[in-house]
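Order of the sequence lines sets the chain letters (A, B, ...), proteins ahead of strands, with each chain counted from 1.
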Amino acid sequence: MGDSSRPCTVWLGSETGILKGVSVSRRQAFNFGDSSQLSRQHEVRALCWADAAESELLVAAADGTVKTFSLEKGAFTEARRCGDPAEDGSFVGLAVLDGGAALVTCAEGGLLRVWRDESGEPSAEIRVGSDVARMRQNPEHRHKVATGGKDNCLKVWDLEKPDQPVFTARNLRNDWLDLRRPHWVKDTAFIPGSDKVVTCTGFHQVHVYDPSTPQRRPVLEATFGEYPLTALSLPAAGGSVVVGNTHGQVAVLDLRKGLVRGCFKGLSGGVRSLQCHAAQPVVASCGLDRFLRIHSLEDRRLQHKVYLKSRLNCLLLASRSLEEPRGDGGHEVKEEEGDDDVDEVWDGMERVGEREENRKRKTSAEVEEMNVKRKARGVEEGEKTSKEQDDSEREAPAEEMREKISEDQEENPKKETPDEEEEQLQKNTKKRRKAQA
Amino acid sequence: MDSIDVPLTQHVKSKKKKNKSGETKGAEHPGKMETGGIEVKEEKTEAGVSFPPTFSVSEIKNKQRRHFMFMKLKQEKRKQKMELKKKRKRQEKLLGDKAPPKQVPKTIENQRVYDETTVDPEDEEIAFDEATDEFSAYFNGLTNPKVLITTSDRPRGRTVKFCEQLRTVIPNAHVYYRRGLALKRVIPQCIARDFTYLIVINEDRKVPNGLVLCHLPEGPTAHFKVSSVRLRKEMKRRGKDPTEHTPEVILNNFTTRLGHSIGRMLAALFPQNPQFVGRQVATFHNQRDFIFFRFHRYIFKNEKKAGIQELGPRFTLKLRSLQKGTFDSKFGEYEWVLKRHEMDACRRKFQL
């Protein structure tokens, strides 16, 4: 059981109550949870690491329980009751204090509670307002949390002095008709290295607040799109923020001027959760379209896309590198050997007719490669003709092509039967050339 | 253009001045080489034949002659194709069983890119997801559908007739005039009166062009684009008007996860127990992301044959967005949105 949970670097909670772990390097997704006892009551509302070493996860469910999941064992170890969803609403935030000794939960109704020991009663309780949409913890000063919601302005609380918020934001100035502006904080984040807080609102605005200045109104305001922004994340290299909205548009905004730097394409449903990796320039997003997508922050391209069959609510990334498999060095060794072979192959090949031959080999090699990859992935695939693979793989980078050719060298003696396939491929390549010419 | 080898010596493709129909091939053509603008294209034929003297039909400046040449070209091609076909048929006849298998032509449906969200019928997680989604009440037999059909404000004749015909097709449906009411206020009233569906037909330029289908207690809202609406009087060889019997429902080709959701949504419009006495059937056929709606009456002539008569309106739908929750286009969360530039870029990739 622990074998499947240890290499997972991305953890997601779904609406069906299943905790999913994804291992990006192995391209596999695992479901953790009791599949015989699935229920909508167990819908995962918040996820957080239980300790700094990231060996345990805390999963907050819709029925008011917080479960602990151990990565080593690969199973849920404890569960505790933290509040009643009937009166309070479901969880909107989960955090850990004092290295795991205390648990902080916040519910939609506005009750922020600190739970210590195993007792059923919270040790501290704060009323944060009503209609809370999000509670987040400051990663540097762990006793500070920020909350915000619908018509509930941003408040920063210090849990050691729970009577008064440290900072209460003010609403924006009245508009040109002197009407009160509606305000809806959907997600917050603390900017590391300073006291500032970034929030995104349901009225497609991004605000930056600075508690160290006497100005209680936002210091910076930026807008993006026309739909409510639901998730927010700060990349490790500061100065920008990644936001996602209900239409599936994810963009990175610059925090100095408030301009949109670029968009991440691919999502087709509302974004429920975003997180940037602590070390790598990578952002992971999940949402209602049942996919986990990992984009690179530098060139904004999609790196990985994983189909996970339920709608995803929350997301948690491990601090270690995503690609690096834990104790799985075999893969990398193989690829290096392949590279050596490739150089010899390139030198040995003729110049004339090289393109045609390469094309042919590439496509038949691709068929093999795809089959091999598919088996390794263990995913069922429908029938895919070689032509589709042609079109989809034609723009593959050069490195991939080399690897495939090297693999094909080993497998060529086996492949003597599919003559018809090759004829078709020839015809296809010629048709394409004709179209181009 | 592929396989025509024009030999150097005998250049038959010259111009005919008076003959406009390209049928006759007179034998007195002066063999003439097309000079001036011969493109020497690189043929894919073997390197043995040097200087293949091809020319393209578009080089001829005279329209009538160009047309004539083009027709001739096409006839040549067709002739060759027929010859190939005949040859293949003859071979098949000779070889009988040992003949090579028939070649299957490539269609866009054949070439469809495999969608990883295709539902596996044995998947437990998806089965659980569907068993507890918003339609579970209907599929478990707890609620009966009750549909409210309305339009956008101030509908014109065609839309009104379309609504009326939809009402005859969907059992337990009621049409109400919109009269400028806000949908967000209509919805709580519908819920109070036990309606399960709200259909809003949007009209543009006197023609229905959009459909918003909202499942009522808290269900998803689908927004479709409607095209090719044919009312009853425009249909040829149609049968008499549909009766009050509940029809059977056929849902074709909804394979992906999104397709499943939409399929369930459309199925929940009709009551669960069809009356086979009425012999009526409503079909939602999904092909290439377009959903075709047809309404037929069938009769079994004998054991193997059945005759069908098309009644009722006919229209096609294309899904534009699926929103979680009741109608709230500004602040609702979308489960799926059609993004044309991203999703329609590949002709062989479909979402439903």
Worksheet item: Counting heavy-atom pairs under 4.5 Å to chain A, which of F128(B), F331(B), W336(B) comes out on top?
Response: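 That would be F128(B).
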Worksheet item: Who among M343(B), K324(B), Q351(B) has the most heavy-atom pairs with chain A under 4.5 Å?
Response: K324(B)
Practice prompt. Tell me, for N31(A) versus chain B, whether the close heavy atoms (under 4.5 Å) come from the side chain, the backbone, both or neither.
Written response: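 Only the side chain of N31(A) comes within 4.5 Å of chain B.
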For the candidates [options], which exhibits the highest count of non-hydrogen atom pairs separated by less than 4.5 Å from chain B?
options	result
S14(A), G270(A), G269(A)	G269(A)
G287(A), P228(A), G248(A), G202(A)	P228(A)
K265(A), E15(A), E226(A)	K265(A)

Worksheet entry | Any donor-acceptor N or O pair under 3.5 Å, side chains E43(A), N313(A) | yes
Discussion item. Would you say the rings of Y227(A) and H204(A) are close, in the sense that their centroids are separated by under 6.0 Å?
Written reply: no
Give, as side chain, backbone, both or neither, the part of [X] having an atom under 4.5 angstrom from any heavy atom of chain A.
X	result
K339(B)	side chain
S329(B)	backbone
D123(B)	side chain
E335(B)	both

Fill in: E124(B) atom CD: more than 12 heavy-atom contacts under 6.0 Å
no
Practice prompt. May I ask you to decide if the ring planes of F30(A) and F32(A) are parallel, tilted or perpendicular, using 30° and 60° as cut-offs?
Written response: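 F30(A) vs F32(A) ring planes: tilted.
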Worksheet item: Are any non-hydrogen side-chain atoms of L274(A) and V250(A) less than 4.5 angstrom apart?
Response: yes
Discussion item. Testing T117(B), D129(B), D115(B) one by one against R257(B) for a side chain to side chain donor-acceptor pair (under 3.5 Å), which residue passes?
Written reply: D129(B)
Fill in: Cation-pi geometry met for R293(A) and F264(A) (6.0 Å, 45°)
no
